[in-house]
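What follows is a set of notes on a single structure, which appears directly below.
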Amino acid sequence: MEQLPSDVDVEYYDSEEKLIHKIFGALWDYPFVLTFNGDDFDLRYLYHRALNHFGMKRSQIPIELGRRVCLLKYGVHIDLYKFFFNRAIQIYAFSQKYRNITLNAVGKAVVGLEKIEFEKPLSELTYTELALYNFRDSEITLALTTFDDDLVMKLILAITRIARMPMEDVSRQGVSRWIRNFLHHEHRRKNMLIPNAEDILALKGTTATKAIIKGKKYKGAIVVEPVPGVHFNVAVMDFASLYPSIIKIHNLGYQSILCPHDECKENKVPETTHWICTKKRALESLLIGALRDLRVRWYKPKAKDETLSNELQSWYNVIQSALKVILNASYGVFGAATFSLYCPPVAEATAAIGRHVITQTINKARELEIDVIYGDTDSIFLRGASQDQIETLGEWSAKELGMELDVDKSYRYSVFSSRKKNYLGIFPDGSVDVKGMTGKKRHIPVFIKKAFDQMEERLGKVESPTEFEEAKKEIRKIIRDRYLQLKQRRWGDRPDELAFHVVLGKVPEAYTKTTPQHVRAALVLRDMGYDLKAGDLISFVKIVKEPRVKPVQLASNSEIDVEKYVGYLHSTFVQVLDALGLDFDEIIGLTKLERFM
DNA sequence: CCGACAGCCCAACATT
DNA sequence: AATGTTGGGCTG
């Protein structure tokens with residue numbers, strides 16, 4: 001068994017009451033207390049035990065009990081569960097490194113530490129085992145804030161200062177609260193009235209465009225129809241912080257949109273009936289613009305400034321990341337009904353101007369005789385553009401649009417089918433950028449992913465168009481091999497690698513309109529006594545018999561529906577084969593005639 | 001009291 | 001059998 005580190009002292013107590021007193025002593029003493037789920041469990045539990053079982057007075061308990069939070073009377077309690085739960089933090093600070101918000105999953109993904117697993121239930125552990133278990137938990141929890149030179153604490157501190165909120169609130173609340181507090185504070189500082197949400201809505205109304213997706217409030221970004229095929233020498237240009245830049249340059253805010261001045265009504269937002277004030281600067285435009293400029297012009301360059309010490313560079317980097325998180329959300333909040341300065345026309349105008357910007361840029365590129373092969377929201381993919389053409393386009397954008405358009409990345413070549421948000425880009429060093437492809441999605445069986453990874457690796461080795469023929473041959477082989485493996489049912493002793501992994505979006509009973517397959521599998525598990533919650537990952541395989549799915553734990557090799565998996569192999573690879581001019585059915589040896597049989 | 005936004009792809013389900 | 005809807009996973 002593992003040993004406790006030699007510098008760990010284990011203290012024994014002969015009563016729970018003494019133990020609680022000791023813990024409370026620490027809670028009265030430490031300036032910061034970190035937990036993972038302390039709001040809902042640890043601190044709440046301690047509070048109730050102290051109050052109800054040991055008759056302690058509230059004044060003796062260092063914990064302040066809230067409805068959903070537990071704060072400390074002396075120090076700052078940060079519940080890291082809430083912080084890592086934050087979607088904006090997950091995406092922009094940790095780029096989706098972790099999916100499940102459990103101490104084990106986050107610890108493993110972020111600091112490479114896992115919880116200790118025992119064969120027996122916690123109640124049967126020896127004291128030493130329990131100490132080991134607890135020590136590891138606290139080690140992970142602490143490491144989640146100390147890693148990377150205290151990155152998480154610095155991030156919380158930076159947001160605390162931008163949003164002017166206590167650290168307790170910053171670590172628990174979402175990005176819309178941060179932005180709200182930031183904007184509210186500036187209203188007060190300028191002695192401005194903070195409007196009621198209903199008043200903004202009544203005065204500025206709702207949206208004027210029709211969303212492409214049913215159920216959405218307004219029309220969003222443009223996605224350019226890709227030019228299918230393999231394209232060598234591709235430069236990807238994008239606008240730096242497109243939406244925040246638009247908010248800044250086009251004076252967007254609840255005050256300026258649909259302002260009362262007649263003379264502003266000419267200042268229309270393209271493709272809408274909205275107009276924007278030409279007389280007075282909106283506060284949001286000013287503030288979001290200021291944050292954007294601070295990030296782009298000060299914190300980002302400083303973070304890369306080699307003449308500064310590493311510590312200082314890292315601090316600048318933390319701030320620029322904090323600003324990035326806030327800026328990325330700064331447009332979306334105006335379209336969120338829960339936001340206190342909710343103003344749909346502002347969100348709508350931002351997106352509309354974005355469409356105008358990207359459309360004009362594409363037109364200009366074509367005017368400069370550059371091939372635009374794809375684009376999404378704020379980016380354009382240019383094939384075979386010269387340095388000169390790229391510079392000209394960038395200068396044009398700065399001059400005519402007032403927007404910074406730069407080369408974000410270059411691909412040796414890229415692979416597009418006719419599908420949007422779905423492509424491969426091969427970097428000059430041979431590494432591969434895969435976007436939106438089925439073969440990379442996390443719910444897809446490992447068995448299929450492996451073949452996709454092989455193909456990816458092979459594509460990375462292709463340097464020029466002439467080398468493609470050889471690569472195509474090998475890719476055909478990769479696919480055929482995998483197909484034959486399936487047909488001959490060679491996937492191992494257990495069907496583990498054939499499992500799909502899908503997250504339960506809600507508790508199984510809450511699916512009333514349809515019963516998706518992962519829910520069918522989940523219901524089987526629940527009948528066996530598993531407790532299933534929203535967010536749980538369900539692993540299941542496809543079988544021949546009804547109900548066509550089975551939790552992977554219960555499935556045996558013989559019942560696997562091989563044809564279904566062939567179908568998945570097909571749809572995974574057809575996204576790439578389309579572009580390479582290859583045919584799946586032909587690869588797996590079906591003649592044209594057999595396909596119709 | 002937890003919730004930033006829209007657009008796209010795919011498979012399976014439900015409805016006609 | 002064709003069509004629309006739902007749900008999950010993704011891009012930006």
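Computed over heavy atoms, backbone and side chain alike; hydrogens, waters and symmetry mates excluded. All chains are named by letter (A, B, ...) in the order of the sequence lines, taking the proteins before the strands, and each is independently numbered beginning at 1. In this text, all values refer to a predicted model and were calculated from it rather than measured experimentally.
Without hydrogens or angle criteria, Tyr565(A) side chain to Phe447(A) main chain gives no donor-acceptor distance under 3.5 Å. A donor-acceptor contact shorter than 3.5 Å links the side chain of Tyr374(A) to the backbone of Lys421(A).
Within the 4.5 Å cutoff, side-chain heavy atoms of Pro508(A) are placed close to those of Leu504(A). Using a 4.5 Å heavy-atom cutoff, the side chains of Thr361(A) and Ile380(A) are in contact.
Put simply, NZ on Lys506(A) is 13 Å from P on dG9(C), counting in whole angstrom units. Rounding to whole angstrom units, CG of residue Leu242(A) and P of dG7(B) are separated by 15 Å. Following rounding to the nearest Å, Glu225(A) (CD) and dG7(B) (P) show an atom-to-atom distance of 15 Å. For the pair Leu65(A) CG and dC1(B) C1', the computed distance is 15 Å after rounding to whole Å. For Asp376(A) and dC10(C), the CG to P distance is 16 Å, given to the nearest whole Å.
For the OP1/OP2 pair of dT11(C) and a distance below 4.0 Å, the side-chain nitrogens and oxygens of Tyr374(A) include no atom meeting the criterion. Taking side-chain N and O atoms only, His518(A) has no distance below 4.0 Å to OP1 or OP2 of dG7(C). For the pair Lys435(A) and dC8(B), the criterion of a side-chain N or O lying under 4.0 Å from OP1 or OP2 is not met. In terms of phosphate contacts, Lys420(A) brings a side-chain nitrogen or oxygen within less than 4.0 Å of OP1 or OP2 of dC8(B).
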### Task
Going 5' to 3' through nucleotides 10-16 of chain B, assign each nucleotide B (protein heavy atom under 4.0 Å from a base atom), S (under 4.0 Å only from sugar-phosphate atoms) or - (no protein heavy atom that close).
SSSSS--
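In this structure, the separation between CD1 on Ile444(A) and NZ on Lys450(A) is 15.5 Å, given to the nearest 0.5 Å.
Using a 4.0 Å heavy-atom criterion, one finds that Tyr511(A) contacts the sugar-phosphate atoms exclusively. When heavy atoms are screened at a 4.0 angstrom cut-off, Arg548(A) is found touching no nucleic acid atom at all. Using a 4.0 Å heavy-atom cutoff across all strands shown, Val503(A) reaches sugar-phosphate atoms only and no base atom. Ile213(A) comes within 4.0 angstrom of a base, heavy atoms only.
Ion pairing between Lys82(A) and Asp39(A) holds under the 4.0 Å rule for side-chain N and carboxylate O.
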Please list, pair by pair, any protein nitrogen or oxygen found under 3.5 Å from a nitrogen or oxygen in nucleotides 2-5 of chain B.
{"from": "dG3(B)", "atom 1": "OP1", "to": "Gly174(A)", "atom 2": "N", "distance (Å)": "2.1"}
{"from": "dA4(B)", "atom 1": "N6", "to": "Tyr92(A)", "atom 2": "OH", "distance (Å)": "3.2"}

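Side chain of Val502(A), nearest nucleotide from dG9(C), dC1(B), dC8(B): dG9(C).
The list of salt bridge (charged side-chain N to carboxylate O under 4.0 Å, His left out) pairs with a residue in residues 406-419 of chain A, not counting sequence neighbours, reads Lys409(A)-Asp433(A), Arg419(A)-Asp578(A).
As rounded to the nearest Å, dG3(B) and dG12(C) have P atoms that lie 26 Å from one another.
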Show which side-chain atoms of residues 331-348 of chain A pair as donor or acceptor with protein atoms under 3.5 Å away, not counting sequence neighbours.
{"from": "Tyr331(A)", "atom 1": "OH", "to": "Tyr218(A)", "atom 2": "OH", "distance (Å)": "3.0"}
{"from": "Ser340(A)", "atom 1": "OG", "to": "His184(A)", "atom 2": "NE2", "distance (Å)": "3.2"}
{"from": "Glu348(A)", "atom 1": "OE1", "to": "Ala208(A)", "atom 2": "N", "distance (Å)": "2.9"}
{"from": "Glu348(A)", "atom 1": "OE1", "to": "His274(A)", "atom 2": "NE2", "distance (Å)": "2.6"}
{"from": "Glu348(A)", "atom 1": "OE2", "to": "Ala208(A)", "atom 2": "N", "distance (Å)": "2.8"}
{"from": "Glu348(A)", "atom 1": "OE2", "to": "Thr209(A)", "atom 2": "N", "distance (Å)": "2.5"}
{"from": "Glu348(A)", "atom 1": "OE2", "to": "Thr209(A)", "atom 2": "OG1", "distance (Å)": "2.5"}

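For Lys300(A), there are no side-chain hydrogen bond (donor to acceptor under 3.5 Å, both in side chains) partners, not counting sequence neighbours. When the side-chain hydrogen bond (donor to acceptor under 3.5 Å, both in side chains) test is applied to Tyr423(A), no partner is found at least two apart in sequence or on another chain.
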